[in-house]
Undergrad: 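I have a structure I would like to understand better, so I am pasting it below and will then ask my questions one at a time.
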Amino acid sequence: MAARKQQIRKFTRPQILFHWVYASAWLVLVLTGMTFLWRPDPHSPAVGLGAFLQGSVGQWLRLVHRVAAVALMAAPFLWLALEPRRVLAELRELMVIRGNDIKYLLVAPLHYTFGRPPLPPQGKYNGGHKLNFWIVVLTFLGFVVSGITMWFFRGVVPAETFRLMLLIHNFCFWLGLGMGILHIYLTVFHPFTRQALSAMISGFVDLKYATAEHAEWVEQQLRSGQAEVREVPAASGGSD
Amino acid sequence: MTTSFWDLQNSDVIVFMGSNAAENHPISMKWFLRGKEKGAKVIVIDPRYTRTAAKADIWVPFRSGTDIAVLGGLINYAIQNGKFHREYVVKYTNAPLLVHPDFQFHDGLFSGWDPEKKAYDRSTWGFQTGPDGQPLRDETLEHPQTVFQHIKRIYSEYTPERVSQITGIPVETFLKLAEIITDTGQPGKAAAFVYAMGWTQHTKGVQNIRAATILQLLLGNIGVPGGGIAALRGHANVQGATDLAVLWHDLPGYLGIPNESHKDLATYLEKTTTKDSFWENKPKFMISLLKAWYGEAARPDNDWAFHYIPKVDSRWFSHYDIFQSIYEGTVKGLFVFGQNPAVGSANAGKIPQVMKNLEWLVVVDIFATETADFWHLFGNDPKEVPTEVFFLPAAGPLEKEGSFTNSHRLIQWKHKAIEPLGESRTDGWYAVQLGKRLKALYANSTAKKDEPIRYLVWDYDDPENPNDFDHLKVLKEINGYEVATGKPVSGFGQLKDDGSTACGCWIYSGILVEENGQLVNKADSRKPTPPNRPDGWVEARADGTTDYLHHGWGFCWPANRRVLYNRASADPEGKPWGKVPLVWFDHATGQWKGVDVPDMLPVKPGEVRMGVRFDTPFIMKAGGLGGIWGGTSLVDGPVPVHYEPVESPVQNLLYRQQNIPTARTYQSPYDHYGTPDKYPLVVTTYRLTEHLTSGVMTRNLPWLAEAFAVPFVEISQELAREKGIRNGDLVEVETARGRIRVRALVTARLKPLRLGDRVVHEIGLPIHWAPFSGVAGVQADITNTLTPQAVDANVQIQESKAFLGNIRKVTA
Amino acid sequence: MGRAATWETWKPDPGNPNQHVAMLVDTSECIGCKACEVACKQWNLNEARINQEPGTYQSHPHLDAETWTLIRFVERTNDQGEVEWLFQKHNCMHCTEAGCVTACPTDALQYGKYGVVTLDQEKCIGCAYCEQACPFDAIHVDRNPFNPRAQKAGKCTLCYDRITMGMQPACVKTCPTDCIKFGDRDALIEWGRQRVEELKARGFKNANLYGVDQLGGLHELYVLLEPPEVYGLPANPKISTWTKLWKYAVQPLGKLAVGAGIFGLAVNWVAARRAFLQGEAAGHGAGDHAAGQP
Amino acid sequence: MNLSRRQFLQLAGVSAAATAATLFLDEEPALASDLQEIRISKAREVPSVCPHCSVGCGLIAYVKDDQLLQVEGNPDSPINEGSLCPKGAATFQFAYEALGKPNPRRELKAKYRAPYSDRWEEISIDEALDRIAQRVKETRDRYFIEEKNGVTVNRLEAIAHIGSAVIDNEENYLLTKLMRSLGVVFLEHHARI
């Protein structure tokens, strides 16, 4: 009979839904926000992507940016509405910064390049996850405050305030973009952590990987009986 | 204008009264400011602090309609303090002449007033003449019947205190003003008065200008560099249209329309020629005109076709009489070329109502106008309007060639830049086509009354372009030509009274001449004098060598002379008075020379030729003398005296006679005149930089509609407080004739006027807006619905500068 | 009082790299006629924007994307109780240190030749950051999405095209009283200083020359009759520190960091892939490459 | 492939340069206006005079193959030396609202309104002129006053002419000549208002 392997649930459906809504809104916002990169080719007439920004099309782009912004702001409340208790539990998990997390962050750059030295034991969310969480939250607040001001209170607030908001928005952009690229790289490309992607697709991750990466979490889940384990054919990439 | 813009750089004092150059003639401000930079004092006497006042040294607010009180006060100040140019006054004006013994002036009326006819018998206004027919004179100016003593007595009542009570100018301001202006009453100093509609739009408009004439003649400021009375004419070619007599009372070249008392040409010439002046040449000008108009029919045996020209009777046929006659049913058909009377006329509400009586109407214009669409506007129900209306599209300004005459008589040629848009044609083409069709319709009529049309010289087709007419051929006719050869004459000196020459307008003669076989259009000459200053313009120089009047640019009538009566810039012996010479007599060669074309004939001292003397400059006036005394030339008085406007808030403090007796008002269901109890505020109307009269030529241009889009009424802060009006509020302005709604512009540039113990408020409105014409968003009520049709007896211009109204905030 | 420095019309001189032009407005001679507003629209063929507020002679409340110069009317009573009507021709000041150039993300706004701040409308994406960064409110973007020309910033170009052909700017040529002068900046500063002394001698005690050293020196100079604030001009305008931080710190560093970051990850992928395979070769399964045991 | 430290640094340097080049280096801005020709460079300069107030400022209309490009003051005119007021500076828009876009408010065709009708109808210019001439003759023949108490007056009080101070001398001269020949005495223009 074909070889089988065990997987453990890491994320619930609402949580997955929230993640992908937020992520897609974030991506659209980044693309429509990076207008400075796609300036039209000064020599050729307005063609290509530059043309896309010319004339009234440029205004539609701005409209898309605002629609995505609303989606981004709504996503967390969507998840909160679906499973409030779970949200609070996850937040507690992510908010707590322990010694291991700091040690993890110091070791991670070398570990994820050369495989050595080993990582300290990690809970459900390792130092990297927590760092990503905090940057997402901080940039979220920065974007919302500065974005709303720039959007609705342009001429209302003093020009100096508007310019500060612009700076904040821009700073959060670079910070968020940097973190986003790292996050995407680790979950999609990096050989060590690539398998974790299934967690955000099916909600399950290979038990062997989880035990190695998040020993404390697996052990605590099994001990408390909350763990939800299933068996799948060994070949499958963990997707249902 | 008797002078030119270029000459105002030489002024010591420039007085803007009845005009607002910065807003209505902005480029002329370039020259006024150049005069100011060279040291001239600029004074603005205007009820409002205008953009001109913003550049002035002194702003003197005063009550609209009291100009003669101010000028009378200045005349009185000049005489009482001996601040007048005695030699100029004695030698160059009619001050020393003795007035008719029976002349008298009492309590506001001159001798000869006939209350029934509401007109003067002017026989007592002339001069006493001696046995040799020459007027008697007393050069000491002491004789009680001299003109000088008469005006001294009449204006003695215009004391600074009395002037202040009438006009609202504080006494010390008036004295400061008078001191500066009368200081120019000496050789070598000159003040220029600059006026426009602010003086002419009154029931005593011409007398306003006469008051300035007396003052300027006393100060010796006429004909001298930097002097003169500059009339800033309103429109691009109003001077040209006036010269070519699109006026009921005139013929081209100011010859005057004949009336029923002139049964033939000889009588007409006898009665209308000013003796002892250059006008003695009038027969040559008149016969040349008749020759130009009626060709071979103008023969001695046909009294030179003089009777072809319509004769008027004692009635007026002016602008407001047209609409009164339409109302009374006399006028059946109306032509309107390039004007919008439904917006530009006073009491504008009356116009579209009376026009319903018209059988037919022809409008020729560039844009749609309220006048052309009257039949469905202003509450008119098309189903009740019988008028047949034709609208013909006119070519725009850059779409035709031709000439304009500017404010100082300079004729400049315009070249055609682009073809007329769509099917539009030039106004002249329509005239030519209409004339051809009428000649065809009357071709085989034998009636005598149709001869003027049959014999009319009328072939102006342009061989190369059927859609235009031959502009140069018309100019040649205006210039004058020898009938036999068709060769243009070189000037009016060549015109004959034997029918051998034809000339459409003698004062323009010399504009199109033949030089070595070539026709040269002087109006098209464009050789200005190169600048002689680092900042790029031409300064008059004391050595009299610089042609700062640019004789190489365009053609100035008459004879390319730029300053009229410039002989007056030199003393009786011909030596220039001013610090800058204009004209002088070269005793060596016995010739007159000058920076400008001398306004003289080559006469030796003591010699008289064609009424022109060596030592008197005003060659178009009897005896060559300046008219301090108006004599019989005007219908409402030999001397201007103060009367209140037809609608005035106060009684006339000087005389029992409240208004000028000769003013005319009109009677119809649409004519009403207000009283101070119901309408306590003085209202004045004016123009802005950004628009022109009815606004059709500017509100249809988006860049100008944008430059000034929202009409307003200017009110003082004090009046605003009284009426609870805030800046920008919607208010209603009402007069006896109508009411309009407009936005309030509350400003410190208008001040309440203290007349003795009373306070009078003045408000002002621009006249450019209308409900139908123009770019979308720039329509509004017509200001002229407020103005009265009360007109001046000499020139029939309406009193829209000073009337009565009221204002209230719109609360509903 | 003619065109002063402009009479000997200024010519671009390729040989002289640091030529600096300027436009000087002598407000003591300005009659507020708005000829410059119309001439600017005529030369640039800008559309009319009817937008006048009631209760003023001023044609627009502020400049806009199609209105690149504007006469601002200031009505006041001075301390001697006399009425004053001041006119100020307002448009882009072509600053040496320009807020708009600092704030423009696509470098559509540049420091062009002769000190002119040039705006290349092709590169403009209509984000209007410049609008917020300009201390003189002299550059605007039209928000009307239906007008293809609208999403561009618009401001006075000092007639960059005309002056490079040796011509005068349209407003300078049309000014009826020659109070707008154009030419070499130093010559005009000198002329302006003399003019201020002249006006002071004539009784205008508050006359002053504005624009000589604001923001490193404006290329739009003004002979004013009253202190700058009376005309609504900032006495010493500054570029916002936030905008400078944005331009010279956050944007470049952000670009650098993300650029380097992406490169870093590329290198990391190569190394990690090799480490991963070795781990596998030496028994390090994907699961247990993390040497740490529970 | 053991990546030594030196190889590692080389690889890092090369990629950094490549990434930077794409992201934020810009070339020297080539502005459209550095070119050698502007809109009016090869245009025909037609001298004219401003149609608004009476100062008589000289105009230059720049035209290239019958297309109006620009209207400015005429620097040679000693009156305005190339300057124009706001009205003069807007003369371009009498014909064109924008380049090549005629002013839509210009009347380009003849119009006719029949008695009691509530709208304009199209009419050819020739037909309009024929009917106008007809109406003039009818009115003249019916109301003409040839004589009054023994004096030939040749007066027609039934037709009035309101002329314009904005049309040329030649045109005003023709209208005065024509109207006077018909006997018109109600003859006026802007000078009266």
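Just the heavy atoms: all of them, side chains too, but no hydrogens, waters or symmetry mates, feed the values below.
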Undergrad: Among Arg154(A), Glu219(A), Met165(A), which has the most heavy-atom pairs under 4.5 Å with chain C?
TA: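 Sorted descending by pairs with chain C, the first entry is Arg154(A).
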Undergrad: Distance from Leu166(A) atom CG to Tyr129(C) atom OH, nearest 0.5 Å?
TA: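 Separation between the atoms: 5.0 Å.
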Undergrad: Checking Val250(C) against Trp174(A) for the side chain to side chain contact (heavy atoms under 4.5 Å, CB included) test, could you report, in this order, the C-alpha distance in whole Å, the side-chain angles of both residues, the deciding distance, and whether it holds?
TA: CA-CA 8 Å; Val250(C) 172; Trp174(A) 289 114; 3.6 Å; yes
Undergrad: Please confirm whether the backbone N or O of Pro191(A) pairs with a side-chain atom of Arg273(C), one donor and one acceptor, at under 3.5 Å?
TA: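 Such a contact is absent between Arg273(C) side chain and Pro191(A) backbone.
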Undergrad: What part of Leu182(A) lies closer than 4.5 angstrom to a heavy atom of chain C: side chain, backbone, both or neither?
TA: both
Undergrad: At their closest point, which heavy atom of Arg163(A) faces which heavy atom of Ala133(C), and how far apart are they?
TA: NE-CA, 3.6 Å
Undergrad: Are Glu160(A) and Thr241(C) close enough that some pair of their side-chain heavy atoms sits under 4.5 Å apart?
TA: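 Side-chain contact under 4.5 Å: yes.
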Undergrad: More than 12 heavy atoms of other residues, nucleotides or ligands under 6.0 Å from CZ of Phe143(A): yes or no?
TA: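 Atom CZ in Phe143(A) is packed in, count exceeds 12.
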Undergrad: When rounded to the nearest 0.5 angstrom, what distance separates CD in Gln251(C) from CG in Leu167(A)?
TA: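 Rounded to the nearest 0.5 Å, the CD-CG separation comes out at 9.5 Å.
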Undergrad: Are Asn268(C) and Tyr185(A) close enough, and set up right, to give a side chain to side chain contact (heavy atoms under 4.5 Å, CB included), and what steps lead you there?
TA: CA-CA 10 Å; Asn268(C) 170 284; Tyr185(A) 169 72; 2.5 Å; yes
Undergrad: Can you tell me how far the CE atom of Met150(A) sits from the CD atom of Gln132(C), to the nearest 0.5 Å?
TA: 9.0 Å
Undergrad: Please look at Ala249(C) and chain A and tell me whether the side chain, the backbone, both or neither of the residue comes under 4.5 angstrom of a heavy atom of that chain.
TA: neither
Undergrad: Taking side chain as everything from C-beta outward and backbone as N, CA, C, O, which of these in Phe162(A) sits under 4.5 Å from a heavy atom of chain C? Side chain, backbone, both or neither.
TA: side chain
Undergrad: Would you name the heavy atoms of His190(A) and Ala272(C) that are closest together and state the gap between them?
TA: NE2-CB, 3.3 Å
Undergrad: Looking at Trp242(C), I'd like to know if its CH2 atom is crowded, meaning that more than 12 non-hydrogen atoms belonging to other residues, nucleotides or ligands lie closer than 6.0 Å.
TA: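 Atom CH2 in Trp242(C) is not packed in, count stays at 12 or less.
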